[in-house]
Amino acid sequence: MAEDKFEPRIVAFFCNWCTYLAADLAGVSRLKYAPNLCVIRVMCSGRVDPQFILDALAKGADGVLIGGCHPGDCHYQEGNYKALRRFRLLQRMLEDLGIERQRVRLEWISAAEGSRVRSVVNSMTEDLRALGPLRWNSRQASPAGAVEAQ
Amino acid sequence: MQALTLRKMKFQREALPQWVEQISDIPGCERVYSCIQCGTCSGTCPLSIYMDFTPRRVIALVREGFRTEALTCQTIWLCASCYACTAHCPQNVHITEVMYSLKREAIRHRMYPPRFPIPVLAQEFYKSVRRRGRNSEFWLVLRMALRSNPFLLLKMIGTGWRLLRTGRLSLKREKIERIQEIQKEFAAPREAIS
Amino acid sequence: MKADDSGLAARGYLYYPGCSLRATGVAYEESLLTLFRLLGLPLRELEDWNCCGATSYMSIDEGAAALLSARVLSLARQQGAEDLLAPCSACYLALRKTQDSVHRYPRVQQEVEESLARAGLTLLNSTRIRHPLEVLYTDVGLPAIHTKTVRRWRGGQVACYYGCQLVRPYEGVDKAQNPTRMEELLQQVGVPVVDYALKTKCCGGSLTGTLSEVGLRLNYILLKEAARKGAEAIVTVCPLCQFNLDAYQRDIRQQSGERFDIPILYFTQVLGWALGGGVRELGLHRAVSGRNLIKRWFQAHEPVEAYV
Amino acid sequence: MSEHKSDIRTGVYVCHCGTNIASVVDVREAARHAASLPGVEISREYKYLCSEPGQALIRQDILERGLNRIVVAACSPHLHEETFRTAAAAAQLNPFHVQMINIREHNSWVHEDKARASRKAEKLIRAAVRRVAHHKPLERVRVPINPAVLVVGGGIAGIHAALTVANAGRQVYLVEREPSIGGHMAMFDKTFPTLDCAACILTPKMSAVKAHPNIKLWTHSDVTDVQGYVGNYRVKVTRWPRMVREELCSGCLECVAACVFKEAKVPDEFNFGLSKRKPIYIPFPQAVPQVPLIDMENCIQFRTGKCKKACAQACGDRKAIDFQQGEEIKEVDVGTIIVATGSKTFDAERAAYYGYGTYPNVYTSLEIERLVNACGPTAGRVVLRNGETPKSVAIIHCVGSRDENTNRWCSRVCCMYSLKLAHLLKEHTGAEVFNFYIDMRTPGKGFEEFYQKLLNEGVHFVRGRVAEVTEWALDQSEEGKLVLRVEDTLLGLVRRIPVDMVVLSVGMEPHADASEVRRLFNITCSSEGFFLERHPKLAPVNTFTDGIFLAGSCQGPKDIPDTVAQAGAAAAEALALIGAGYMEQEPNAAYVVEDHCSGCGACSALCPYSAITLDAGARRSSIHPVLCKGCGTCVAACPSGAIRQNLFEDEQIFEEITGVLTHG
């Protein structure tokens, strides 16, 4: 389908206990936000392997959003801290690869923060719209981490 | 006394829902839909006891889209912009801003009694500042009185004399040096009256 | 002492008088300049300032009001100020409001920027809007005021009256519900204050001129409650409040049948006098009401050693 | 392990959810699109898939068409994943061959652009179809349930829950922070709408708790640590020293009488300072346990060390008074926990315009409860601070409720307790009573009738939120009074009403330390700070942590009947688990593919449950399938990719990523 306006594609990894529920709450509260993101549910943000993020970018995502519980609130005590540590390492690597910071975001969104889902998704969509498409797959060869060929 | 035969029913065909949307789109008026009609605004307003519709009722008129009543009521002119209602409102309705927006619309459509001093004062103030960049109180009051009710001047003579005696009545017409900056700022066509 | 003198003096305050301080509120300007001089903090007047827009503008064209204030903000930044002192409550509110709506609403920001650009100005929105009350309380500090006091208060009890637009809707100068900073400052120089429940009630603003029956009644209530509480004078922070309460006491007598002759002072006059300012340089001779009492309270110069 | 691609026979089911989904997402097109995907045998759309006919449709397709994978595009898996898994199991399909995707909460309810919402639904379906092909048959693991129950909080909720569980023959540990159980209810005089005496219905239950052989009661104690998981919690309780040994005390209270303080001088917490107590005291006459405690801040012995210790002398040979008593830590194992920590009332000083804390005759509703109470500080005489009886009283509703500047929510109980107080104040004083309300909310059994009763008693009802209470008097009639300024919104007029006494009907809000308590039990809070239930309708007493249940106002404002009902429900949930003896766990545990493991041990440090053990000799890690809670942190961290996670295998997630990103 031809699109006049560039619509970024965002892949989201939401933890089952906080951010996924926050997105459910946004739904129950009928908050409207941009349909640019598709959520993949994981039990904990600690499960998000950097390979998932690289894979998504390689397969055409313009941005990746990771959502976890607030620090200290992890359902599994500290999985979100692990996610944060890994995310920081990944950020440095993405910088080296020339991928803009705003393309991969880690957000703490508790189950009560439905409206934060809306604001985060909308602001990220805006940011990516301003950045334009990533087209990482055509810009360079897939990184080693991206397993599957299209 | 009003005629015994005055009809006071409100018909739904008089309601203007689009108008409510326009009002709620004005900066500061967003929360007009959140009003729970608790009356805190009227209770805290020092002027509500003089109003034909209490502030709460004006918000109700706006919410229901009864534009004519909302724009022709005395309430909006009695509002002294003291912000007591806004600071106090449990639903964060910025009632003062709603009052401002109603005043602006009423002035734009000349929906106020002729020679009514409050809007006249606002207009004279507006003109003087556009012309000179500053406001000179003496000239402002003089023109307001001449345009609305010259008898006001008689009442003011005593006060005026006392002010003059204490050196507080300046007859100087203040003007800024780079008035062209103000005029250029206002150069683009604006929605408001000129 | 909270901050050291030299630092404050070096930083200085840019000062935005506003139209009222050049007319009916001239005593406010006189006492403010005197007080700050006595504190060693001379004020520098904003060059080529214009009207803030104020209440009347907002009821005609809110955008225009924002443009006027925006020019003031931009001039202030251009002239190198971090802080802009706005002693008039209406100016204070208008500037804060413009700053706030530019910040909050992108469409307002855009309009303001474009309009300023036509006049060759750029929007500089980072100036902090300050009121002298807040500056005295937080920058100068109560101990400094106390130490610099050279005169013992000879007058009676006063009621502190804040009016409306200084404390609402923007907090910053003091608490919206029950502000107390003026009382605290006055107590530092030995002025007894009464508990005044109406301290943030509105004086009616320009209604005294436009709809005088209503405006006068509001001021009558303010005067009466102050008197009931045993206050012999009312101390204000706003030129319009001072004007309404001071200039109309005869009209109020005609309306209510009750006689008032209560001095309506600026807090800068009271503090300035305690710090050694003269009657004329504080504009105390410009009062319309309570002139006899003012004479009694302020005339004799009595430096005190034992006081501090 | 995985089946050959050609063996995959997937059924895709797109739910309309009435019009909830179908009005935004083009469900027909979505189903048509699904049919074109590889491995999809059948694709259908249906009005309500969760209904019995909807489930039957899926079961029938599995049996008749030999489906071995199911994708359901409907609401949140938190709502109906279990429903569709059960349906699959009923048709002999492994329940974990079902994948659910959320096109309602995450799609039709949050998007307005129908075309784009429809395309998003298709992407999600594509992702699920790809993912589900990699699903494996899995078995649930059973966890045994320890039959002991911990109840936290000894208000009416905790008391009722504890008694219910104990009466079913199970061991209960009841922990209360205050020196006595009873909570807020113990402060009340009468209860609405029946006006029966609160003490008459509460105190027997309090004594029953103390006497029950199955209840271990620890007051003046805090839960300080919780470890473990459903069925197997290990809890530490810290018992703060009372300086009076509970096991030795007979409750004679001779010590209190003997205290060197001849007059009570310390403001009494239970009566909000309206009366005084001694440094050794019991909180109130009906306290359970009937054991006094010493307040170390005011006791002379603790302040100077030079008291003659009259209390200890009075105690005599019992030697219950122990100035050296230290805190004591108890450790217990329980299977389930009921959190009933209650709420607090709004701090009225935050609503400065009502003058609480400034004008002495402005009271909170709880203070009035004590004043009208026969065993309160005035023995039930309602008097002003100067001892006079008020001739007029104003009761202001919604103080700290329905207010964006303080608390946004309706506290649910204030309208009714204000009516009750209006009745009691009128009865006790004969005063003229005014109620100021925004909306009168009486939606309970017998509540509206009670309102009618009050209307007929001649109480004034003014619809309007009071703007201010001042002592600013306009004329003689207002001199010396508290004056309310309010718009009577039914008259459309502003009124000034002078009264002698003002009662602020304060709302309910979470305890200041609710957030710490929440972390202790690993449960969540809603945005207001009340504990969050798993589902507002279908799991109102469950939390997101298995085996931990909620009761009472810690979950949200509620009255006594609702609190007791919820406490009963929480007890029933706990007993249901205990009765079953085990709980089935989601089979999402991580496991180690031994051949790939290098034995580096990086994973074991990450596991918060110590579920990973490293066999240093064999250089292999292994994961305990029951201890593992399935977070997957170790999976993402394993440098050699040797750890995998059931239900969240790498390839399943990669397929999902591919699915949502493939142009279609």
Side-chain angles (χ1 to χ4, degrees), chain B residues 26-28 46-47 50 77-78 80-84 86-87 94 96 100-101 103-104 107 117-119 121-123 125-126 129-130 133-138 141 144 148 152 155-156 158-159 162-163 166-170 172 174 176-178 180-182 184-188 190-193, chain C residues 19-20 22-27 48-51 53-64 67-68 70-71 93 101 104-105 107-108 114-116 118-121 163-165 167-169 176 200-202 204-207 209-212 214 218 221 247-248 250-251 285-288:
Chain B
I26 295 169
L47 291 148
Y50 298 99
W77 304 112
L78 278 160
S81 320
C82 81
Y83 289 88
T86 302
H94 290 192
T96 316
Y100 274 133
S101 69
K103 283 186 233 191
R104 289 197 290 272
I107 288 184
I118 300 169
L121 179 76
Q123 284 163 314
F125 185 95
Y126 181 82
V129 173
R130 276 199 73 162
R134 284 184 199 169
N135 148 47
S136 309
E137 284 171 356
F138 171 75
V141 172
M144 183 269 291
S148 57
L152 277 177
K155 276 206 219 163
M156 291 173 183
T159 312
R162 286 186 286 277
L163 290 173
T166 51
R168 293 164 67 178
L169 193 68
S170 164
K172 192 178 152 204
E174 297 271 344
I176 68 169
E177 282 165 33
R178 299 192 299 277
Q180 70 282 2
E181 286 185 1
I182 301 262
K184 278 183 191 156
E185 271 193 60
F186 289 166
R190 301 184 48 80
E191 224 183 90
I193 61 149
Chain C
C19 306
S20 290
R22 288 297 151 84
T24 50
V26 62
D48 204 37
W49 56 267
N50 56 269
C51 167
T55 315
S56 299
Y57 248 68
M58 293 173 196
S59 36
I60 296 213
D61 181 348
E62 183 140 62
L67 294 185
L68 289 169
R71 179 173 181 268
L93 170 80
S101 39
R104 203 182 292 253
Y105 303 101
R107 52 185 158 147
V108 175
E114 285 169 4
S115 305
L116 284 175
R118 277 196 300 276
L121 295 165
C164 52
Q165 297 191 336
V167 286
R168 294 188 297 261
T200 61
K201 291 276 179 245
C202 179
S206 54
L207 283 176
T210 50
L211 209 61
S212 59
V214 174
L218 292 179
I221 289 171
Y248 290 108
R250 276 168 192 247
D251 308 65
H285 60 299
R286 299 190 188 277
V288 168

Which distance, rounded to the nearest 0.5 Å, do you find between the [atom1] of [X] and the [atom2] of [Y]?
X	Y	atom1	atom2	value
L67(C)	K184(B)	CG	NZ	15.0 Å
L47(B)	C202(C)	CG	SG	6.0 Å
L121(B)	L211(C)	CG	CG	12.0 Å
L121(C)	E185(B)	CG	CD	6.5 Å

Can you give me the closest heavy-atom contact between [X] and [Y], atom names plus distance?
X	Y	result
R107(C)	P27(B)	NH2-CD, 3.8 Å
G28(B)	Y105(C)	N-OH, 2.9 Å
E137(B)	S20(C)	OE2-OG, 2.9 Å
Q165(C)	S81(B)	NE2-O, 2.8 Å
G53(C)	F125(B)	O-CE2, 3.5 Å
M144(B)	T210(C)	CE-CG2, 4.1 Å

Where on [X] is there a heavy atom nearer than 4.5 Å to chain B: the side chain, the backbone, both, or neither?
X	result
T24(C)	both
A287(C)	backbone
V288(C)	both

Between chain B and each of G25(C), G205(C), A176(C), G209(C), count heavy-atom pairs under 4.5 Å; write down the option with the most.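 Among the listed options, the one with the most contacts to chain B is G209(C).
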
Please evaluate residues V129(B) and N50(C) with respect to the criterion side chain to side chain contact (heavy atoms under 4.5 Å, CB included), reporting the C-alpha separation (whole Å), side-chain torsions for both, the decisive distance (0.1 Å), and the verdict. CA-CA 8 Å; V129(B) 173; N50(C) 56 269; 6.0 Å; no

Quick one: does P169(C)'s side chain get under 4.5 Å of H94(B)'s, heavy atoms only?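 Heavy-atom side-chain distance check fails, nothing below 4.5 Å.
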
Can a salt bridge be assigned to the pair R71(C) and E181(B) using a cut-off of 4.0 Å between side-chain N and carboxylate O?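 Looking at R71(C) and E181(B), the cut-off is met.
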
Are the side chain of R168(C) and the backbone N or O of C82(B) linked by a donor-acceptor pair below 3.5 Å? yes

Check whether R134(B) reaches the backbone of C19(C) with its side chain - one donor and one acceptor, N or O, closer than 3.5 Å. no

Interface residue of largest heavy-atom contact number with chain C, from [options], under 4.5 Å:
options	answer
A84(B), P46(B), A87(B), S101(B)	A84(B)
R178(B), E174(B), Q180(B)	R178(B)
F138(B), W77(B), Y83(B), Y50(B)	Y83(B)

Side chain from CB out, backbone as N, CA, C, O: work out which of these in L169(B) comes under 4.5 Å of a heavy atom of chain C, or both, or neither. neither

With a 4.5 angstrom heavy-atom cut-off, is it the side chain or the backbone of E177(B) that approaches chain C, or both, or neither?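 Interface part for E177(B): both.
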
If you apply the rule side chain to side chain contact (heavy atoms under 4.5 Å, CB included), what do you find for T166(B) with H285(C), and how did you get there? CA-CA 7 Å; T166(B) 51; H285(C) 60 299; over 6 Å; no

Does the side chain to side chain contact (heavy atoms under 4.5 Å, CB included) test come out yes or no for I118(B) and L207(C), once each step is laid out? CA-CA 8 Å; I118(B) 300 169; L207(C) 283 176; 3.9 Å; yes

